[in-house]
Amino acid sequence: MTYTIEKVTTLIGARRYGEKDTNIGFILTDSRSLCFPEETLFFALKSGRNDGHRYIPDLYRRGVLNFVVANVPEDYKKKYPDANFLKVLSPLEALQRLAERHRDEFNIPIVGITGSNGKTMVKEWLYQLMSPDLFVTRSPRSYNSQIGVPLSIWLMNEDTQLGVFEAGISKPGEMLALRDIIQPTIAVLTNLGAAHQENFSSMEEKCREKMILFHDASVIVYNEDDEIIRKTVQAGDFKGEKLYWSRKDKNAPMYVESVKKNAKSASVVCYYKGKKIQYDLPFLDGASITNSIICAAVAAKLGLKIEEIQNRMEKLEPVAMRMEVVEGQRGCTLINDSYNSDINSLDIALDFMSRRPDQKGRRRTLILSDIYQSGMSPEDLYREVSDLAVKRGVQKFIGIGPDLCKQADEIQVPEKFFFTTVPQFLHSVVFSSLQNEVILIKGARKFGFDQLTELLAKKVHETVLEVNLDAVVKNLNYYRSLMKPETKLVCMIKADAYGAGAVEIAKTLEDHRVDYLAVAVADEGVILRKNGITSNIMIMNPEMSAFKTMFDYDLEPEVYCFRLLEALVKAAEKEGITGFPVHIKIDTGMHRLGFNPQTDMDELISRLKHQNAIIPRSVFSHFVGSDSDEFDAFSARQFSLFDQASKKLQSAFSHKIIRHIDNSAGIEHFPERQLDMCRLGLGLYGIDPRTNKTIHNVSTLKTTILQLRNVPKGDSVGYSRRTILDRDSVIAAIPIGYADGLNRHLGNRHCYCLVNGQKALYVGNICMDVAMIDVTGIPCKEGDSVEIFGDDLPVTVLSDALDTIPYEVMTTISSRVKRVYFHD
């Protein structure tokens, strides 16, 4: 659907500057995601740290002619003669209002889903249940925020027969806008949980906020067995039909009579308004069972026949709610997004791939299966697929499926190949010749795309470190929320990003516009540059042998002593360099590296002033104990010394010198000392250095059970017979040892891992490549997953057991452990 610019102006109540007649088919909030400029309307959103107005010149140059702004650029007629500027008080509110008005165009069932978790699974399963009969428009991925919801609603078009949208909130006051945009006819609350609880005074407050979505819905769906939810519904003024489910109340509209778990499935018997629904669900976990009950109730309300619900429940596919980035064979990088296959999620995945910098000259390749239930003719569908692929920079297209084979002429990518099935592709020269490519794998599960990832992924042993890039962003935003909007941020990614993998972490941080990256040595910076990172990079421990490397790769060194200063100046002068930025370190009490603030400043200023090869870009120091209140007096003395020394340095130069001393702990503990910039280290990776608690977990170290054996009481386990069993035991061997970073001191029952959610103690000495764990009484089998640390077992449990700090545990994970990166 498209709207004239005149119509959009009216819908959002804007004042229009410009006279260009255009139609709007696409809305954009992130300039990096531009694809179809001619029909795009850009909303110049403002945040504490960014302003969309600054991207108007570049977007205009790239062909965008329509902008929603809070401030019209000066001399706009001369600078942007073909542009339209729609002036409003708030571009975000205008975006939401436009989506709300777009929603008003549809008199169809709309399902709005909220809850602490389970939203995406319920949304995707409803899509799987209903899409064979109806054209369903749903939120792509987890687009459930104040910006994501309007972008999702905008996707509805003339073909849409059912809308299914998520609504996510993190603090009070957010749901009202989402309710007005979605306007659900059926509103669903999946559950209440601990997510974002820190922003609510109680679970009751959170429940009331989520149930704002219920207010004008014709049908509300919820769990009557949850006391808080039940009381909130009773206390609320909800006029809609109360379609609640219960395992206790036989008179409930959706009564769940029984759930029986078999070897590979769960058998569910429930009654929807007295009609029996009995189905086998191909999942065993409690969350999936609950989500299936919600889906069954909503599907029945939408008119899906009981027998169809039963048949389709058995065929529900797992929802892989993350986009994984893994290292592939023969120089390839794989982006695995076999999450679903539709045009909207394809565009998001292509956008993600196009925004990953890559300086290795690798081609961008798309492997795509047939797309089902698009509501479009095959010709129009694959013509749009082609347009997206071309505009996102795809150079090789591999289509799999009979429909794509028929529409091969519609694909205009320079290099293209087509196969009817995955096996046909796997046996082709095209598959065997894949090398030095960035490959997006996007396909419907029924085509067996899991085989592709398995065969293309670099073969390593079964221990992996999963890195949640969304958690990195959440931690970044958490600390940004504690900072003044104008304060800059340098993120520490030394030691391979604390073991998480510097390249992917740097790409994510660069995508979110951090001001500086910091590594330990020049070689770490070179790796980032060779992988396309263009951000400013600070070298914290520069080596004199690496000066030429730093000059060649624009790596900005820390300078901490006169010897280093003089050598750097001479090296720069020899290269004919002037004004090379450096960062001056002041030692205020750490007594590790740095100039003396009381005796060195005059000499330092003199030497800096009498040369022009280098220029101080920043001056900084490091708190010794910002993580503990007991050192507050010492920290105050440190700050006083730094404040005097840094101001003295600044007074000697006319240009702005950035001052920074706060680290992760200091950002929160000493907000008045944030100055011009802060340095974010451990907090970025999810550990609060003041409490040792997890903020948002980033890294999960996992392995698998290689072998199970019964060992009798009195026998020993492992080298040197250090553990003697005091009972008949089941011992599991797992493929991780001290060469992988599992510390030997964790062995002999000093710590544990998790097997199917239960604690399993390490027994015997940990070996180089293998460890043994006691799984007596734990239901498990060979091949089951084992969590060493992660979402359910904080890394601090291991560091506490070792009497060390989380840094050490995280940074000692071996490079032979495969890193798998994913986005929710």
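Residue numbers run from 1 in the order of the sequence given.
Within the structure, every pair that satisfies the salt bridge (charged side-chain N to carboxylate O under 4.0 Å, His left out) test and touches residues 96-107, not counting sequence neighbours, is listed here: Arg101-Asp104. Legend: salt bridge (charged side-chain N to carboxylate O under 4.0 Å, His left out) pairs involving residues 54-63, not counting sequence neighbours, sorted by first then second residue: Asp58-Arg61, Asp58-Arg62. Evaluation of the salt bridge (charged side-chain N to carboxylate O under 4.0 Å, His left out) test over residues 383-393, restricted to residues two or more places apart or in two chains, returns Asp347-Arg392, Asp351-Arg392, Asp380-Arg383, Arg383-Glu410. Residue pairs meeting the salt bridge (charged side-chain N to carboxylate O under 4.0 Å, His left out) criterion with at least one partner in residues 645-654, sequence neighbours excluded, are Asp602-Lys648, Asp643-Lys647.
Partners of Gln146 according to the side chain to side chain contact (heavy atoms under 4.5 Å, CB included) rule, which considers only residues two or more places apart in sequence or in another chain, are Gln96, Glu174, Ala177, Leu178. By the side-chain hydrogen bond (donor to acceptor under 3.5 Å, both in side chains) test, Lys396 pairs with Glu437, sequence neighbours left out. Scanning for side-chain hydrogen bond (donor to acceptor under 3.5 Å, both in side chains) contacts around Thr114 gives an empty result, with sequence neighbours left out. By the side chain to side chain contact (heavy atoms under 4.5 Å, CB included) test, Ile527 is found to be paired with Val503, Asn531, residues two or more places apart in sequence or in another chain being considered. A search for side chain to side chain contact (heavy atoms under 4.5 Å, CB included) contacts involving Lys574 returns nothing, not counting sequence neighbours. In this structure, Tyr143 has no side-chain hydrogen bond (donor to acceptor under 3.5 Å, both in side chains) partners at least two apart in sequence or on a different chain.
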Pairs of donor and acceptor atoms involving the side chains of residues 20-27, under 3.5 Å and at least two apart or interchain, shall be tabulated with distances.
unit_1	atom_1	unit_2	atom_2	d
Thr22	OG1	Asn66	OD1	3.1
Thr22	OG1	Asn66	ND2	3.2

Can you give the donor-acceptor pairs under 3.5 Å from side chains of residues 605-613 to other protein atoms, not counting sequence neighbours?
unit_1	atom_1	unit_2	atom_2	d
Arg607	NE	Glu603	OE2	2.7
Arg607	NH1	Glu566	OE2	3.4
Arg607	NH2	Glu603	OE2	3.3
Lys609	NZ	Ala652	O	2.7
His610	ND1	Ser606	O	2.7
Gln611	OE1	Ala613	N	2.8
Gln611	OE1	Ile614	N	2.9
Gln611	NE2	Leu608	O	2.9
Gln611	NE2	Ile614	O	3.0

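At distances below 3.5 Å, not a single donor-acceptor pair connects side-chain atoms of Asp51 with backbone N or O atoms of Lys46.
Geometrically, Arg673 engages Phe639 in a cation-pi contact defined by less than 6.0 Å to the ring centre and at most 45° from the axis.
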